[in-house]
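For reference, the structure discussed in these notes is given below.
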Amino acid sequence: MRLIMIGPPGSGKGTQAKLLSQRMNLVHVSTGDILRDAVKHDTEEGRRAKPFLEAGQLVPDDLVNEIIATRFSGEGKPRHFIMDGYPRTLAQAFSFDKVLKTEELPLSAAVFLNVDDEEIVRRLGSRWTCPNPSCAATYNLNTMPPRLQGVCDLCKTPLLQRDDDKPETIRKRLQIFHKSHDDILLHYRAQGILVEVLGRGDVAAINANIIKALTQKCVA
């Protein structure tokens, strides 16, 4: 089986991709891991990607496409895989289509883990961090709150909410996601391979629903 995992930040996409790779014996292809590995081994692509990664910026489409094309060519290419973090743009989706067609590796499904924006804001916006560098403990007000509100359990330092965890920042990230991924969803829906699964609830239950949806899709 050959899958693409799609989901907004905070949807649990990475967790589900790992679970599916283990359960279905698929190679877990994480774009972030591939890029970091290229930098670590000082490859030509890694040297070109390094400045973007160090600046916290997205690596340009053409470079990411080149790295993915290399990964999916030759004798060492994965034949059964799940993509995590790629494609991020419609241009990347078109490029991946061409690579897979050339390598005769048709996609089985593109799985969209659908979580509404307000739930994402609730999940990510509930994280608070201890600013003490020797502690740096993190808390989630919904799932793992501190014993005393606003105070670190371990070192008693007042907790802070990082800018990335503030609701207004999360909403901006979601706007960027929808702007780039809505077209990708339409792209795979037009190919008849889009599978949509609700991403709320227990991790194991969500995973079971994905397996069920994939089974129905592939049998159909």
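Both backbone and side-chain heavy atoms feed into the values below; hydrogens, waters and symmetry mates do not.
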Hey, does [Y] have a side-chain heavy atom less than 4.5 Å from the side chain of [X]?
| X | Y | answer |
| --- | --- | --- |
| L160 | T129 | no |
| W128 | D165 | no |
| L174 | P9 | yes |
| K77 | L105 | yes |
| Y86 | I68 | yes |
| C152 | P146 | no |
| R2 | V27 | no |
| V111 | Q16 | no |

Going by the angle between their ring planes, with limits at 30° and 60°, are F112 and F177 parallel, tilted or perpendicular?
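Parallel.
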Donor-acceptor under 3.5 Å ([X] side chain, [Y] main chain):
| X | Y | value |
| --- | --- | --- |
| D153 | R147 | yes |
| S95 | Q92 | no |
| Q161 | G125 | yes |
| S73 | A69 | yes |
| H80 | M1 | yes |
| T89 | S180 | no |
| R189 | L194 | no |
| S11 | L113 | no |
| T31 | G85 | yes |
| R47 | D42 | yes |

Taking [Y] as the starting point, is it possible to reach [X] by hopping between hydrophobic residues whose side chains are less than 4.5 Å apart?
| X | Y | answer |
| --- | --- | --- |
| L185 | I210 | no |
| V203 | M144 | no |
| M83 | L63 | yes |
| V151 | L154 | no |
| V195 | I206 | yes |

Looking at [X] and [Y], what are the two nearest heavy atoms and their distance?
| X | Y | result |
| --- | --- | --- |
| D202 | A204 | OD2-N, 2.9 Å |
| N132 | C155 | ND2-SG, 3.6 Å |
| E45 | T70 | OE2-OG1, 4.2 Å |
| A109 | L214 | CB-CD2, 3.7 Å |
| S21 | I82 | CB-CG2, 4.0 Å |

When rounded to the nearest 0.5 angstrom, what distance separates [atom1] in [X] from [atom2] in [Y]?
| X | Y | atom1 | atom2 | value |
| --- | --- | --- | --- | --- |
| I67 | I34 | CD1 | CD1 | 8.0 Å |
| T15 | L20 | OG1 | CG | 11.0 Å |
| N209 | E196 | CG | CD | 12.5 Å |
| I170 | E118 | CD1 | CD | 10.5 Å |
| M5 | D84 | CE | CG | 8.5 Å |
| S108 | L3 | OG | CG | 5.5 Å |

Just wondering, are more than 12 heavy atoms of other shown residues or ligands nearer than 6.0 Å to [atom1] in [X]?
| X | atom1 | answer |
| --- | --- | --- |
| R79 | CZ | no |
| K156 | NZ | yes |
| Q57 | CD | yes |
| N25 | CG | no |
| K212 | NZ | no |
| R123 | CZ | yes |
| E168 | CD | yes |

R122 and E119: salt bridge (Lys or Arg N to Asp or Glu O under 4.0 Å), yes or no, with the steps?
CA-CA 5 Å; R122 187 190 72 82; E119 172 64 12; 3.0 Å; yes
Looking only at side chains, do [X] and [Y] share a donor and an acceptor under 3.5 Å apart?
| X | Y | result |
| --- | --- | --- |
| D97 | Q191 | yes |
| D183 | H187 | no |
| N142 | S126 | yes |

Which is it for H28 and D33 under the side-chain hydrogen bond (donor to acceptor under 3.5 Å, both in side chains) test, yes or no, and what are the steps along the way?
CA-CA 10 Å; H28 180 201; D33 289 346; 5.6 Å; no
Test side-chain contact (heavy atoms from CB on, under 4.5 Å) on Y188 and I6 and set out the steps.
CA-CA 11 Å; Y188 290 122; I6 304 170; 4.2 Å; yes
Mind running side-chain contact (heavy atoms from CB on, under 4.5 Å) on K179 and I176 for me, showing each step along the way?
CA-CA 5 Å; K179 185 176 181 180; I176 294 172; 5.7 Å; no
Take D116 and R200 through the salt bridge (Lys or Arg N to Asp or Glu O under 4.0 Å) test and state the conclusion after the steps.
CA-CA 9 Å; D116 65 82; R200 298 188 66 165; 3.3 Å; yes
Output, in order, the C-alpha distance, side-chain angles, deciding distance and verdict of side-chain contact (heavy atoms from CB on, under 4.5 Å) for V29 and F72.
CA-CA 10 Å; V29 183; F72 281 85; 4.1 Å; yes
Can L35 and K50 be said to form a side-chain contact (heavy atoms from CB on, under 4.5 Å), step by step?
CA-CA 8 Å; L35 291 171; K50 186 176 181 179; over 6 Å; no
Using salt bridge (Lys or Arg N to Asp or Glu O under 4.0 Å), reason through D37 and K40 one step at a time and then give a plain yes or no.
CA-CA 5 Å; D37 188 65; K40 179 181 178 181; 5.7 Å; no
Decide, yes or no, whether a salt bridge links D163 with K166 under the criterion of side-chain N to carboxylate O below 4.0 Å.
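Counted as a salt bridge, because a side-chain N and a carboxylate O are separated by less than 4.0 Å.
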